[in-house]
Amino acid sequence: MNAGEPDAEETASGPAPDETETPTAQEPAEEHVAEGPAYAEQAPEEEAEEESNLADLKAENAQLADDLARARAEVYNTSQEYANFVRRSREQEAASRTDGVISVVEALFSVLDDIALAREHDDLTGTFATMATKLENTLEQRFKVTRFGQVGEIFDPELHEALMATPSPDVSEQTIAQVMQPGYRMDERVLRAARVAVHTPQ
């Protein structure tokens, strides 16, 4: 063997450690490179899922807001219907009460006519006069029922019913000459027109 030539064993064994160490140093780099694309692929999927969840939440919120608005509208409509019901009930109650009073007064027309006729002929005396006055006062004070129709009043077709009409030089407009049957009203409501004879201008 020449002294300048390298030993065959050293040549054969020298490179061996380099060949075994090189793959060991490169393995982590290969694994890191392999993990990079997988992470990049997952990010858009997660973002899309979050956007989908956000859209679902917005849709649910919009639906809840719509349901709340509808519920409030129903409550408002119900309250208005109840208020109208109460108002109509009160009006009907008042109308029923008024109709009841009118029915009683109309049933007393003949009694009131007799009282007026007796007073006209000075026949209203004693206990009968006291009871008659009390009845008339009660009707007037509690129910505003009054008698109307007097000789000399101007004829009003809304208050009077003319049974006779006679020309007269003493009047310049239609004037009541005789009251045959008095009229009655409750407040401003005419219950019965007065039946009268009228003098008309010539």
Side-chain angles (χ1 to χ4, degrees), residues 63-202:
Q63 182 62 43
L64 291 174
D66 183 70
D67 293 342
L68 179 59
R70 291 177 183 273
R72 286 177 175 173
E74 290 180 1
V75 170
Y76 175 79
N77 291 332
T78 301
S79 64
Q80 291 300 307
E81 290 176 0
Y82 177 74
N84 291 334
F85 170 76
V86 172
R87 178 181 55 79
R88 288 194 301 268
S89 297
R90 290 176 178 174
E91 291 176 352
Q92 291 174 357
E93 181 181 0
S96 298
R97 186 184 302 111
T98 301
D99 291 343
V101 173
I102 291 174
S103 297
V104 173
V105 174
E106 288 177 343
L108 293 173
F109 279 166
S110 60
V111 176
L112 296 173
D113 288 343
D114 290 342
I115 292 173
L117 187 61
R119 182 178 287 113
E120 183 179 347
H121 292 86
D122 295 328
D123 292 334
L124 195 63
T125 59
T127 304
F128 179 63
T130 303
M131 295 179 62
T133 302
K134 183 178 292 187
L135 174 61
E136 291 174 331
N137 290 340
T138 299
L139 291 174
E140 182 176 359
Q141 293 172 6
R142 293 192 58 182
F143 306 108
K144 299 182 179 180
V145 175
T146 57
R147 182 187 293 112
F148 65 89
Q150 298 292 330
V151 174
E153 291 180 351
I154 303 301
F155 177 80
D156 185 346
E158 294 185 358
L159 301 176
H160 307 123
E161 179 183 353
L163 301 181
M164 294 187 299
T166 305
S168 173
D170 299 328
V171 298
S172 59
E173 54 185 330
Q174 293 182 341
T175 306
I176 296 175
Q178 180 183 359
V179 178
M180 301 174 181
Q181 192 177 59
Y184 296 95
R185 61 186 167 196
M186 187 169 70
D187 202 1
E188 297 299 324
R189 180 173 178 176
V190 177
L191 303 181
R192 189 183 75 181
R195 296 179 177 179
V196 300
V198 179
H199 279 164
T200 58
Q202 288 185 337

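In this chain, residues are counted from 1 in sequence order. Note that these values count all heavy atoms, side chains included, but never hydrogens, waters or copies made by symmetry. Just so it is clear, the model here is predicted, and its values are computed rather than measured.
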Do the non-hydrogen side-chain atoms of [X] and [Y] ever get within less than 4.5 Å of each other?
| X | Y | answer |
| --- | --- | --- |
| Phe128 | Asp123 | no |
| Ile115 | Glu136 | yes |
| Pro182 | Gln150 | no |
| Glu153 | Val196 | no |
| Ile102 | Phe143 | no |
| Leu159 | Arg185 | yes |
| His199 | Thr166 | yes |

Parallel, tilted or perpendicular, judged at 30° and 60°: which one describes the rings of Phe155 and His160?
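Rings of Phe155 and His160: tilted, as their planes differ by 30° to 60°.
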Hey, is Glu74 close enough to Arg70 for a salt bridge, meaning N to O under 4.0 Å?
no
Within a reach of under 6.0 Å around [atom1] of [X], are more than 12 heavy atoms found that belong to other residues, nucleotides or ligands?
| X | atom1 | answer |
| --- | --- | --- |
| Arg142 | CZ | no |
| Met180 | CE | yes |
| Arg90 | CZ | no |

side-chain contact (heavy atoms from CB on, under 4.5 Å) assessment of Arg119 paired with Thr133:
CA-CA 10 Å; Arg119 182 178 287 113; Thr133 302; 4.2 Å; yes
Distance-only, no hydrogens or angles: does the Arg147 side chain make a donor-acceptor pair with backbone N or O of Leu112 under 3.5 Å?
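Yes, the answer is positive, given that a donor and an acceptor are paired below the 3.5 Å cut-off.
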Verify side-chain contact (heavy atoms from CB on, under 4.5 Å) between Val179 and Phe148, making sure each step is shown before the conclusion.
CA-CA 10 Å; Val179 178; Phe148 65 89; over 6 Å; no
Between Leu191 and Phe109, does the side-chain contact (heavy atoms from CB on, under 4.5 Å) criterion hold? Intermediate values first, please.
CA-CA 10 Å; Leu191 303 181; Phe109 279 166; 3.9 Å; yes
Take Val104 and Leu108 through the test side-chain contact (heavy atoms from CB on, under 4.5 Å) and record every step on the way to the result.
CA-CA 6 Å; Val104 173; Leu108 293 173; 4.2 Å; yes
Can a donor-acceptor pair be found between the side chains of Gln80 and Asn84 at a distance below 3.5 Å?
no
